[in-house]
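Every heavy atom of this structure was used, including side-chain atoms; hydrogens, water molecules and symmetry mates were not.
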Amino acid sequence: MALRAAVLHHIRVPVQTLRLKTNPCAPSGSVRLMSSHDDHLTKEEVVDRVVSVVKSFPKVDPSRVTPEVHFQKDLGLDSLDNVEIVMALEEEFKLEIPDKEADKIDSCNLAIEYIHNHPLAS
């Protein structure tokens with residue numbers, strides 16, 4: 001995780017500012033932004049996709065993967081494998097899991113809970 005953090009620390013991405021049109025009827029020209037989270041993933045979708053990601057990991061016997069499986073205790077993976085699975089989950093769900101949180105994810109169940117509760121998971 002330290003290598004990942006170091007690489008991300010040195011990446012620079014240009015940012016453009018977005019100019020929003022104000023509503024002339026709104027008091028003091030304030031802007032009201034609306035967002036719909038109706039497209040948030042259901043728990044079943046998260047379970048299916050997390051299990052699928054873990055089953056596709058090369059060192060895993062797919063028949064042993066369940067939503068309750070522990071990566072190290074049940075699948076015999078090491079800490080580096082754990083990091084690779086978390087990175088695969090980040091890619092699958094298009095989100096970034098902070099290192100402190102990623103270190104805690106050591107089972108499908110914890111991954112499912114974290115991703116299901118993450119507002120930006122897609």
Output a table of donor-acceptor pairs, distance under 3.5 Å, between side-chain atoms of residues 72-80 and any protein atom two or more places apart or on a different chain; print 'none' if there are none.
unit_1: Asp74; atom_1: OD2; unit_2: His70; atom_2: N; d: 2.8
unit_1: Asp78; atom_1: OD1; unit_2: Leu80; atom_2: N; d: 3.1
unit_1: Asp78; atom_1: OD1; unit_2: Asp81; atom_2: N; d: 2.8

Please tabulate, one pair per line, all N/O donor-acceptor pairs under 3.5 Å involving side-chain atoms of residues 109-122, not counting sequence neighbours.
unit_1: Glu113; atom_1: OE2; unit_2: Lys43; atom_2: NZ; d: 2.2
unit_1: Asn117; atom_1: ND2; unit_2: Glu113; atom_2: O; d: 2.9
unit_1: His118; atom_1: ND1; unit_2: Leu120; atom_2: N; d: 3.1

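The distance from atom CD1 of Ile97 to atom CD1 of Ile105, rounded to the nearest 0.5 Å, is 4.0 Å.
The shortest heavy-atom contact between Pro67 and Cys108 is O-CB, 3.3 Å.
Counting only residues at least two apart or on different chains, no ring-ring contact (aromatic ring centres under 6.0 Å, His included) pair has a member in residues 78-98.
Under the side chain to side chain donor-acceptor pair (under 3.5 Å) criterion, Glu92 pairs with Arg49, not counting sequence neighbours. Applying the salt bridge (charged side-chain N to carboxylate O under 4.0 Å, His left out) rule to Lys104 yields the partners Glu101; only residues at least two apart in sequence or on another chain are considered.
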